[in-house]
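Here is the structure we will look at, set down as structure tokens.
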Amino acid sequence: MTTILAATDFSTRSDRALRRAALLARRSGARLVLVHTVDDDQAERKIAAEMAAATALLAEQARTFREVDGLDCEARVVTGAPFEGVIAAAREAEAGLIVVGPHRRRPLMDTFLGTTAERIIRASPVPVLMANGVPAAAYAHALFATDLSDCSAEAARRLAGLDLCQGAQLSVLYLFDAPEVRLMLRSSISTPKLRAHLAEVGRNAAGELSTFVRDTGLAPTGEVVRHIETLPAHDICSRARAIGADLVVVGTRGRTGLAGLVVGSVAMEVLRIATVDVLAVPPAAAGAQDAAQG
């Protein structure tokens, strides 16, 4: 990871993305690129005015990172749809990571799907980090959630390449489903037999997780296997809270291999409800495929 791109709309939410990106850049020695996109679907005079104002403000932020934080930092203001501008800038800068701020949380309506952050994650060919927490230090404990698929294995390898978890604890979580349990409940099977069955399935799942960890080269401090109790995304976030994780890592594809399925469900739901930072890791070349489909 030689270049980190941080997207900003100059909101207080975006400040978290800039500070987290700066922390990562300082630690890794990566170049930091700040990007702001001006919507080009408006009058030319307004575009010019916004471009001038954004260029001045972003240049000042980049100067602060250079002089105060000692970073190799540059500013880029581009035009277009916000998510398209960020993706184009990331490709041009050959960024290995995109950092964005948290989405707006509104109690009466879900505004996440279709927002700039969601579209960036769907279209990005590189991992995207959503900075939900207040960035104060390097990550102390990361939780990697896997479904043991090939795409999840690739996400594990890409995570290692980013080196975000150096010096941190790393827990790996595998949530397994046992659909037959619902049938067993309907057949009035005894509780001890039900528990024994779940224990057996859990042992098999633990063996599969150990094989996954060995094959991907992960070196976790803990391996956790849990039967899905509510919804996968909620179980993932619940486990993150239980272990005090400050970073959750999810792949944006799963066992189905259908473009957008996991992005539209588990991964996006984690991004929507998590209160800690979330790293969304796509498989190679997925961003271009999703962009074409979207």
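In this view, Asp235 and Thr230 satisfy the side-chain hydrogen bond (donor to acceptor under 3.5 Å, both in side chains) rule, not counting sequence neighbours. Residues passing the side chain to side chain contact (heavy atoms under 4.5 Å, CB included) test with Ala95, sequence neighbours excluded: Thr3, Leu5, Ala90. Remark: Thr211 pairs with no residue by the side-chain hydrogen bond (donor to acceptor under 3.5 Å, both in side chains) rule, at least two apart or across chains. Gln169 meets the side chain to side chain contact (heavy atoms under 4.5 Å, CB included) test with His141, Thr221; sequence neighbours excluded. Residues that satisfy the side chain to side chain contact (heavy atoms under 4.5 Å, CB included) test with Thr37, not counting sequence neighbours, are Val35, Val78, Val86. Take Ser28 and apply the side-chain hydrogen bond (donor to acceptor under 3.5 Å, both in side chains) test, not counting sequence neighbours, and it matches no residue. Here Arg16 pairs with nothing under the salt bridge (charged side-chain N to carboxylate O under 4.0 Å, His left out) rule; sequence neighbours left out. For Phe176, the ring pair (Phe, Tyr, Trp, His ring centres under 6.0 Å) criterion is met by His227, not counting sequence neighbours. Glu92 is linked by a side-chain hydrogen bond (donor to acceptor under 3.5 Å, both in side chains) to nothing, counting only residues two or more places apart in sequence or in another chain.
Side-chain atoms of Asn132 and Thr275 include no donor-acceptor pair closer than 3.5 Å.
Remark: Arg203 does not engage Glu200 in a salt bridge, criterion side-chain N to carboxylate O under 4.0 Å.
For the side chain to side chain donor-acceptor pair (under 3.5 Å) condition, the pairs that include at least one residue of residues 61-87, sequence neighbours left out, are Arg19-Asp69, Arg26-Asp69, Arg31-Glu74, Glu60-Arg63, Arg63-Glu67, Glu74-Arg76. Annotation: ring-ring contact (aromatic ring centres under 6.0 Å, His included) contacts involving residues 26-49, sequence neighbours excluded, comprise Phe10-His36.
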Residues 47-58, side-chain donor-acceptor partners within the protein, below 3.5 Å, at least two apart:
| from | atom 1 | to | atom 2 | distance (Å) |
| --- | --- | --- | --- | --- |
| Glu50 | OE1 | Gln42 | NE2 | 3.3 |
| Thr55 | OG1 | Met51 | O | 2.6 |

